[in-house]
Colleague: 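Sharing a structure with you now.
All figures in this text were calculated on a predicted structure; none of them were measured in a lab. Chain letters run A, B, ... following the sequence lines, proteins first, then strands; residues in each count from 1. Reckoned from all heavy atoms, side chains included, excluding hydrogens, waters and symmetry mates.
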There are 2 protein chains.
Amino acid sequence: MTGLMAPNAQPGSKPAVILDAAVRLFLDSGFGNVSMDMVARAAGVSKATLYAHFRSKDELFAAMMAQRCDGLMDGMGCEALCGMPVAEALTVIARRFFTLLLSPKTLAVHRVVLAESHRFPELARAFYESGPAVAIGRLSAFLADADRRGRLTVPDSELAAEQFLGMLKSHLHLRLLLGMEQVPDEAEIARFVNGAVGLFTRGYAPAVSPPAPSGS
Amino acid sequence: MTGLMAPNAQPGSKPAVILDAAVRLFLDSGFGNVSMDMVARAAGVSKATLYAHFRSKDELFAAMMAQRCDGLMDGMGCEALCGMPVAEALTVIARRFFTLLLSPKTLAVHRVVLAESHRFPELARAFYESGPAVAIGRLSAFLADADRRGRLTVPDSELAAEQFLGMLKSHLHLRLLLGMEQVPDEAEIARFVNGAVGLFTRGYAPAVSPPAPSGS
DNA sequence: GTCTATAGATCGATAGAC
DNA sequence: GTCTATCGATCTATAGAC
């Protein structure tokens, strides 16, 4: 994160308790539908105490979002994947990305950031840099490595990373953001993951090699 | 559209004038940041007149969105494309979809619907059905036809349609929604369109045909 | 630091004259 | 139908006692 301010989150301290309440309320109902009275009551403090720690509602919101964006990409490391067969590694990456993207927490962050990106432009940027941009960067590095080793033929690894993640998001992500669907079950996840990995590996297969699945 | 109500939009009539003002304000600033006073002033009528035509702010917002969703997919017909070579047809479809998706008007609708999908669930559904769902449906039909004619091998045409449109959206759409980028120029559009068409036609190429670019 | 009480401003919706 | 004026509720932020 850039440094939007993340108060010393001594667990149990007043700022931490307030932030926890703010996370629940803001992510659940958005910025405009949550009043400072509600935050104060949910945190079990008075409104004056709240204002003693956060100078305004904007600052509280920004601090809350900064906390949520920080660990967004934990568990998306790609170190151990460079040795695996490409299709297998892509499957692992796709499943991780999907699980993260479709989790209620991540969906809530998307909803709130999108809704308030106009009022908080730096926040929108911080979210993108700490979330989607990291995913693209790591996958792009993995693809560039696969290209160097001849496992795939990827002329534009950044574009390819966007394509792969975009295929997974597809419109399913939009449907979930709009509240039209529940989180998909295993079968539906497998359908998207296998479909994306298949299309991607076929479309970026190395020049003229046989379709041997393991060796090569 | 389902029938959310779209008052007789006699051009020049008071309801039409009010709706025009509401479109500008709501799409620009969202639901919560626009007051009925602002709408009345922008439309050049009094607040009482406004309430004479729309019983509440919610109803005005819904009517405004219904109007914007109606023509959303105009110009996305795929009739004349079934005769063209697949790659060419996909390029046309991709360019149309991209132009539509990245237009300021469509971006604004996305922003507002996403922000208010919690408060207006039927509105979110109506938007999805009249916009993204139509795009998926038409492309899916085109792909199923291409599969029947042996131009592509597409076992799951609906999934494939989602993949193709998702590849185009990628994270570029998100960056634009967040206000981090201007609308891309011709070169950037070509990069995404050609990349998607290329990956898609290679990955869904018919079983064992040569990679001839034009004929076949 | 923490509380209670309230100032000050805004907004959605309505009443009543014309 | 259209206007002016206003009600009642709500929200952010602060003042002042402890």
Colleague: Is the distance between the ring centroids of B/F61 and B/F54 under 6.0 Å?
Modeller: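 Ring centroids of B/F61 and B/F54 are no less than 6.0 Å from each other.
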
Colleague: Tell me the salt bridge (charged side-chain N to carboxylate O under 4.0 Å, His left out) pairs involving residues 179-201 of chain A, sequence neighbours left out?
Modeller: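 Sorted pair list: A/R95-A/E186, A/R175-A/E181, A/E188-A/R191, A/R191-B/D156.
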
Colleague: In whole Å, what is the span from the CZ atom of A/R41 to the P atom of D/dT12?
Modeller: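 Rounding to the nearest Å, CZ of A/R41 and P of D/dT12 are 13 Å apart.
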
Colleague: Could you state the CG-P distance from B/L50 to C/dC11, rounded to the nearest angstrom?
Modeller: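 From B/L50 CG to C/dC11 P: 14 Å.
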
Colleague: Identify, with sequence neighbours excluded, every residue that meets salt bridge (Lys or Arg N to Asp or Glu O under 4.0 Å) alongside B/R41.
Modeller: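 B/R41 satisfies salt bridge (Lys or Arg N to Asp or Glu O under 4.0 Å) with no other residue.
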
Colleague: Side chain to side chain donor-acceptor pair (under 3.5 Å) with B/T201: which residues, sequence neighbours excluded?
Modeller: none

Colleague: Please enumerate all residues that pass side chain to side chain donor-acceptor pair (under 3.5 Å) together with B/T106, with sequence neighbours excluded.
Modeller: B/S103

Colleague: Can a side chain N or O of B/S46 be found less than 4.0 Å away from OP1 or OP2 on D/dT2?
Modeller: no

Colleague: Between P on C/dC11 and CG on A/N33, what's the gap in Å once rounded to a whole number?
Modeller: 15 Å

Colleague: Please confirm whether the shortest side-chain N or O distance from A/H53 to OP1 or OP2 of C/dG1 is below 4.0 Å.
Modeller: no

Colleague: Going by side chain to side chain donor-acceptor pair (under 3.5 Å), name the residues that satisfy it together with B/K47, two or more places apart in sequence or in a different chain.
Modeller: B/D37

Colleague: Using a 4.0 Å cut-off on protein heavy atoms (strictly under), produce a 5'-to-3' string for nucleotides 12-18 of chain C with B for base contact, S for backbone-only sugar-phosphate contact, and - for none.
Modeller: BBBB---

